[in-house]
Protein chains: 2
Amino acid sequence: MVTPLLNDLYQFTMAYAYWKAGKHNERSVFDLYFRKNPFGGEYTVFAGLEECIKFLANFKLTDEEIDFVRDSLPGSEEAFCDYLRGLDCSGVEVYAIPEGSVVFPKVPLMRVEGPVGVVQLLETPFLNLVNFASLVATNAARHRFVAGKSKILLEFGARRAQGPDGAISASKYCYLGGFDATRQVLLFVCFGSFNVAAGKLFGIPLRGTHSHAFVSSFMSTDEIVDKVLRSADGTTTCEDFVSLVQTWLTKIQYSPSLRGIFSETNQSELVAFTSYALAFPKAFLALVDTYDVMKSGIPNFCAVALALNDFGYKALGIRLDSGDLAYLSTECRNFFCTVERELKVPGFGKMIVTASNDLNEETIDALNKQGHEVDAFGIGTYLVTCYAQAALGCVFKLVEINNQPRIKLSEDVTKVSIPCKKRSYRLYGKEGYPLVDIMTGENEPAPKVGERLLCRHPFNESKRAYVVPQRVEELLKCYWRGNADEAREELPPLKEIRDRCIKQLENMRPDHMRRLNPTPYKVSVSAKLYDFIHFLWLNEAPVGELQ
Amino acid sequence: MVTPLLNDLYQFTMAYAYWKAGKHNERSVFDLYFRKNPFGGEYTVFAGLEECIKFLANFKLTDEEIDFVRDSLPGSEEAFCDYLRGLDCSGVEVYAIPEGSVVFPKVPLMRVEGPVGVVQLLETPFLNLVNFASLVATNAARHRFVAGKSKILLEFGARRAQGPDGAISASKYCYLGGFDATRQVLLFVCFGSFNVAAGKLFGIPLRGTHSHAFVSSFMSTDEIVDKVLRSADGTTTCEDFVSLVQTWLTKIQYSPSLRGIFSETNQSELVAFTSYALAFPKAFLALVDTYDVMKSGIPNFCAVALALNDFGYKALGIRLDSGDLAYLSTECRNFFCTVERELKVPGFGKMIVTASNDLNEETIDALNKQGHEVDAFGIGTYLVTCYAQAALGCVFKLVEINNQPRIKLSEDVTKVSIPCKKRSYRLYGKEGYPLVDIMTGENEPAPKVGERLLCRHPFNESKRAYVVPQRVEELLKCYWRGNADEAREELPPLKEIRDRCIKQLENMRPDHMRRLNPTPYKVSVSAKLYDFIHFLWLNEAPVGELQ
């Protein structure tokens, strides 16, 4: 789906200028990194690597695309097209932190090496593939954090996502970040070429129920032609399920503790629920707020659920999509428990309560503080569009060319790039938590367990600390080495990436993870790299003239 | 790219339940509308219609997709697959406001009619295709409004967009909303099937220059092997362009008014500019902030531009990507004007100043207030991710089935749907401005020019006004009538949609358009429809029991 033309035109104008200057095959090293964690937090989940590697593997300009590029670069020489025709990623190497890892600002997520002409063409696609993937995975992880481990988290965002692919990416990366399921039927056909087993794109569980339109599309019981329900074990048959539901509705209405909560429920709703239960007796989950939750939706739901129960089916539960979710979920739970008690239906009180309606980190946090009885959250808009912060600012900076380190200066110190082809390590402390990430020059010795090491802030000379690591983890691993397969990391299945993500998040020191004023995780450079950065900086910055 | 499977699973569970109840062929009418204008404004630009119609035209489930659906609906009957196999949009009709129109809350953007089983399957794809398209077109229109007509607006967002398709949609709909160009080389191949002339997707102009990496990839003048530049008219040749640039740099440095502004400029930058100019002598546009704008970038740029000028080429200008853009753009302009005056180069002061770096409505407004010399704005992240508000809440509501009007109630009055198959009109006043949009029942007579008419707020009984329209425009036009071509509106080319958008925006009363506290545009219903809404509401709402 992503061709090399999903690109900024200037990558091609630059490729042309490199080629024209005879520089296109010079060996370059670029770092892909971000400068600030999103959502006011102090961590980010890295995602999108697999898509980048697939992009590399398929990188090839078609003749049609080359014609298009030529037409877009007036005055370019024909021989440049020959160059483009021969272009592939066989000369490229990619080192990356494993997908699903917890990552931090300034530390390269990917180091991309290769001929500058081709690596330059990777900038825009890689940023496009990593930026949103990492952002939405982080957003999902943050929602999981606030909802807690025991809740079911469902991704509901297909309709509000930023375009069709926004929806697909969001479903995938929300799952990676710790969601349980999506309600999106994924566009698996598009991914057919990527060896996804047809029918199970990414293997993310799907959940579905019905909408308000389904409820209001029914008018009267006459619409139900086939009223027969075979029991769950196949031994008996209910000849008139509609009447059975009515009987239960009356029983609920006149049971001592529920008497007076409602009088007449909405009939079109009752018919819709009955009809839906006849279609999906094993998976009855009803949206109960089309007319009025407590006066209509809940009694109607219970009547159908009790009728199903008579024939061996257990209803799944309800969904609330409006109103005060703390209050309503509690009222619903009370109603279910009363039904369990009064009508002697064991387990009825444990019905799953799903809540949706513009949920986000803040509203879930507020619900937690008030107390609620929600078991599952369906989260849409805020999750998939990353409403709280719609973009992660990953950048792709040249750090070395022809073995010469390069730096990019800026009026703003946070935008100065860290030069050199580097290695990065995560150092762990005594309690098993990661303490600090450190970047070193490529040829410096690796930090050693038990050996005292000075870690310096890359730009603030007064910030430095000694660390004695208990464990040292090299962060960048090779994921692409031309077309060679040897010594290259496997791209694990999504489920494994998700497990890594969940495990890494759990292993972070809690103060980095809290929602309010989290402690920044430390990112540092070695003393040697620090000195070199500042030497190069002085060297490149023009000296002014005071007068 | 968008198949019927880009959908929520519950659309398929509902389709199954409709089918199981024998209701799937009942004639339904759904309205697609939004409830609130985005970005704190009082208008929205409608976009995405063409994609919806193309989706309809290609709507067909493959056998593979049907297998997938069956596997996702455990317990479903095999005959349902036969139903899915025969499904297409030949029974569907779509009425819509023309794409590129200015639109308002509650008034249907699209009215979709047809068998409920198939129309239900259109909900998620249509919302996905319209929501982001309209949001980003509106965002572009708002940026155009604040930048003013005379500025060049460039879309720079491919790398920060929410996935590959987010980038493509954003480029298209930013152009629709009034942008001049994108720097994205579009993914035209993907759209090949949609009759887009290859090589010119959507016909949006492309712009490109170079990045910081290009500048820092050069080290010394030795890297320029071919120093020859042929003059623009082909009559003469500059044998050593590099030396010519050096000569000009010295002239600038020692010209009376510029003396002392800079001393030594960054050499790698100068080489990069020289090299880029040799590659694109007709389109020299340089990024001047890699090291220091005034001490290095601008003098280096001027030296190259003056050397080009000697051989008949006019440089395009510069791009600033950091720092105080108001101050720097003014300083750059002064520098250019001084060069024009002192070095006698007519027109040099008119060099195009492009600004980028996290621009949005607010920063452009602030620049306007301070005064600046920017001619072109390159806008990325804030534009394409709609950072200020990442989603538009379009919904798709059932308003009629089997000729019976339907309403959806809610605890929140703003979420109550307006029932009935409706017509809508835009009424214009004496000064030519639109005054009010009015919805009526399908069979009510249309409002007439010169005839007094009562317009009522749909939910607030005290808000009503008489209007004597000077012009009446029916809003919904037929864009799809099964597979029949007759009496169906053409889908105009993007340029025409863009022209409509710009014209409609210009024709709005200015107080609806201003950024601070804009006046809401009035949206109303006829007296007859008002009465019917409230009759139906009372009828459907369950009555409580006080005790």
Side-chain angles (χ1 to χ4, degrees), chain A residues 2 5-10 13-14 17 20-22 68 71-72 124 127-128 132 158-160 162-166 169 183 185 187 199 206 208-210 212-214 216-217 225 260 263 275-276 279 291-292 295-296 322-323 381 385 387 390-391 398 401 406 408-411 542 544-545 547, chain B residues 2 5-10 13-14 17 20-22 68 71-72 124 127-128 132 158-160 162-166 169 183 185 187 199 206 208-210 212-214 216-217 225 260 263 275-276 279 291-292 295-296 322-323 381 385 387 390-391 398 401 406 408-411 542 544-545 547:
Chain A
V2 183
L5 244 60
L6 179 71
N7 225 321
D8 284 314
L9 181 62
Y10 80 1
T13 60
M14 283 190 277
K20 190 84 171 94
F68 181 77
D71 293 350
S72 305
T124 306
L127 289 175
N128 182 287
F132 180 58
R159 60 189 59 197
R160 301 284 166 82
Q162 298 200 346
D165 178 80
S169 310
R183 75 175 181 194
V185 182
L187 190 63
L206 291 178
T209 154
H210 61 83
H212 295 115
F214 184 80
S216 52
S217 76
V225 186
S263 53
S275 191
Y276 195 79
Y291 300 106
D292 188 297
K295 288 181 212 155
S296 184
S322 61
T381 310
T385 67
Y387 206 92
L398 180 72
I401 190 163
R406 306 303 293 148
K408 185 234 148 191
L409 304 186
S410 173
E411 308 270 322
E545 297 265 347
Q547 45 187 339
Chain B
V2 183
L5 245 59
L6 179 70
N7 225 321
D8 284 315
L9 180 63
Y10 81 1
T13 61
M14 283 191 276
K20 190 87 171 94
F68 182 75
D71 293 349
S72 305
T124 306
L127 289 175
N128 182 286
F132 181 58
R159 60 190 59 197
R160 302 283 166 83
Q162 297 200 346
D165 180 78
S169 309
R183 76 176 179 192
V185 183
L187 190 63
L206 292 178
T209 154
H210 62 83
H212 295 115
F214 185 81
S216 50
S217 76
V225 186
S263 52
S275 191
Y276 195 79
Y291 299 105
D292 187 298
K295 288 183 213 153
S296 183
S322 60
T381 311
T385 66
Y387 206 93
L398 180 72
I401 189 162
R406 304 305 291 148
K408 184 235 150 189
L409 306 185
S410 173
E411 309 269 323
E545 298 263 347
Q547 46 188 339

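As a basis for the values below, the full set of heavy atoms in this structure was taken, side chains included, without hydrogen atoms, waters or symmetry mates. We name chains A, B, ... by the order of the sequence lines, and we start the count at 1 in each one. Computed from a predicted structure; not experimentally measured.
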Only pairs of heavy atoms separated by less than 4.5 Å count here; which of B:Ser169, B:Gly323, B:Ser296, B:Ala158 has the most with chain A? B:Ala158
Distance from B:Arg159 atom CZ to A:Asp8 atom CG, nearest 0.5 Å? 5.0 Å
Output the option from B:Thr124, B:Leu409, B:Asn128, B:Asp292 having the highest count of non-hydrogen pairs under 4.5 Å with chain A. B:Asn128
For a quick test of reading the model, state the closest non-hydrogen atom pair linking A:Phe132 to A:Gly166 and the distance between them. CE2-O, 3.8 Å
How long is the straight-line distance from NE2 of B:His210 back to OG of B:Ser217, given to the nearest 0.5 Å? 10.0 Å
For B:Ile401, which atoms come within 4.5 Å of any heavy atom of chain A: side chain, backbone, both, or neither? side chain
Under 3.5 Å, is there a donor-acceptor pair between the side chain of B:Arg406 and the main chain of B:Leu398? no
Where does B:Arg160 contact chain A at under 4.5 Å (heavy atoms): side chain, backbone, both or neither? both
In this structure, OH of A:Tyr276 is separated from CE of B:Met14 (nearest 0.5 Å) by 7.5 Å
Go through the steps to decide whether A:Thr13 and A:Tyr10 satisfy the test side chain to side chain contact (heavy atoms under 4.5 Å, CB included), and finish with yes or no. CA-CA 5 Å; A:Thr13 60; A:Tyr10 80 1; 3.7 Å; yes
Between chain B and each of A:Gly22, A:Ser275, A:Ser216, count heavy-atom pairs under 4.5 Å; write down the option with the most. A:Ser216
Is B:Thr381 close to chain A through its backbone or its side chain, or both, or neither, when contacts mean heavy atoms under 4.5 Å? side chain
Counting heavy-atom pairs under 4.5 Å to chain B, which of A:Ala390, A:Ala391, A:Ala279, A:Ala213 comes out on top? A:Ala390
